[in-house]
Amino acid sequence: MSTRDGAPALRAGMVLGRQVDGVSCGPSVLVVTAALTGAGWPGAVAARFGAAQRLAHRQANRLWPRALGTTPWGMRAWLHRHAPAAGRFRVRPATRAVLGRVAAAGPPVPVLVGSRWLPRHWVLVVGAGADGRWRTYEPSSGQVRTVDPESFRDGSAARSTGWPRAWAVLLPA
């Protein structure tokens, strides 16, 4: 599977860039989404990835404290304002039906994951295999990893995303 604009598929094990701190997973996902959809990479790739994350974090969290991460609505608004080539997104709860639609929606698809009690971390679905498993950019390591969407049901997703539960999905409209 390629991205919606036909860019080549990213393979498991590739490294795209790491988040700069403990709360910039959402901005990392935003910057990578912008790059994958042809909206452009804000600045020179390696030297500017951290600065692009910090800028995206300020822009996405106008009223929300950055220390608490990035809300789904802040993510959606940032993509609309700063990466229009990515298209429109809808915030959806991560039900089994919604998770089942992620691969068909075409990447990239941001997914908010967390513990049983709290959403904590953003990952980005960048592709899917014929077996339905996702290729997911995991910003804390910077790696593309393979995730079985069914693993969110039993909590084993924590092995690949760091967190057992999916909370929300930004589905392309």
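Just so you know, these numbers come straight off a predicted model, no measurement behind them. Heavy-atom basis, side chains included; hydrogens, waters and symmetry copies ignored.
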Residue list, side chain to side chain donor-acceptor pair (under 3.5 Å) with Ser24, at least two apart or on another chain: Asp21, Gln53
Path from Val111 to Val98 over hydrophobic side-chain contacts below 4.5 Å: yes
Heavy-atom side-chain contact between Val126 and Leu36 under 4.5 Å: yes
Taking every non-hydrogen atom, the tightest pair across Thr70 and Trp122: O-NE1, 2.9 Å
Any side-chain heavy-atom pair of Pro119 and Val113 under 4.5 Å: no
Closest heavy-atom pair and its distance - Ala168, Ala94: N-CB, 3.7 Å
Leu171 side, atom CG; Arg92 side, atom CZ - distance, nearest 0.5 Å: 7.0 Å
Qualifying side chain to side chain donor-acceptor pair (under 3.5 Å) pairs, either residue in residues 108-117, two or more places apart: none
In one Ile/Leu/Val/Met/Phe/Trp/Tyr side-chain cluster, 4.5 Å: Val31, Val144: yes
Ala83: side-chain contact (heavy atoms from CB on, under 4.5 Å) partners, not counting sequence neighbours: Ala34, Ala39, Trp78, Leu79, Ala86
Set of side chain to side chain donor-acceptor pair (under 3.5 Å) partners for Ser140, sequence neighbours left out: Glu138
By side chain to side chain donor-acceptor pair (under 3.5 Å) - contacts of Arg133 (at least two apart): Asp131
Set of residues satisfying side chain to side chain donor-acceptor pair (under 3.5 Å) with respect to Gln19, sequence neighbours excluded: none
Tyr137 side-chain N/O to Gly17 backbone N/O, donor-acceptor pair under 3.5 Å: yes
Pairwise side-chain contact, Pro108 with Val32, heavy-atom cut-off 4.5 Å (strictly under): no
Residue pair Val102 / Trp134: nearest heavy atoms and the distance that separates them: CB-CZ2, 3.7 Å
Joint cluster assignment, Phe152 & Val109, ILVMFWY side-chain distance < 4.5 Å: yes
hydrophobic_cluster_shared for Trp73 and Leu124, side chain cutoff 4.5 Å: yes
Heavy-atom pair of closest approach, residues Gly127 and Pro107: N-CB, 3.7 Å
Pairwise side-chain contact, Val20 with Arg54, heavy-atom cut-off 4.5 Å (strictly under): yes
Side-chain donor or acceptor of Arg81 paired with backbone N/O of Gln59 under 3.5 Å: yes
Pairs meeting criterion side chain to side chain donor-acceptor pair (under 3.5 Å) with involvement of residues 94-106, two or more places apart: Arg96-Glu150
Gln143 side, atom CD; Thr136 side, atom OG1 - distance, nearest 0.5 Å: 12.0 Å
Partner set under side-chain contact (heavy atoms from CB on, under 4.5 Å) for Ala173, not counting sequence neighbours: Arg88, Arg90
In one Ile/Leu/Val/Met/Phe/Trp/Tyr side-chain cluster, 4.5 Å: Val91, Leu30: yes
Listed once per pair and sorted, the side chain to side chain donor-acceptor pair (under 3.5 Å) pairs that draw on residues 154-169, sequence neighbours left out: Asp154-Ser156
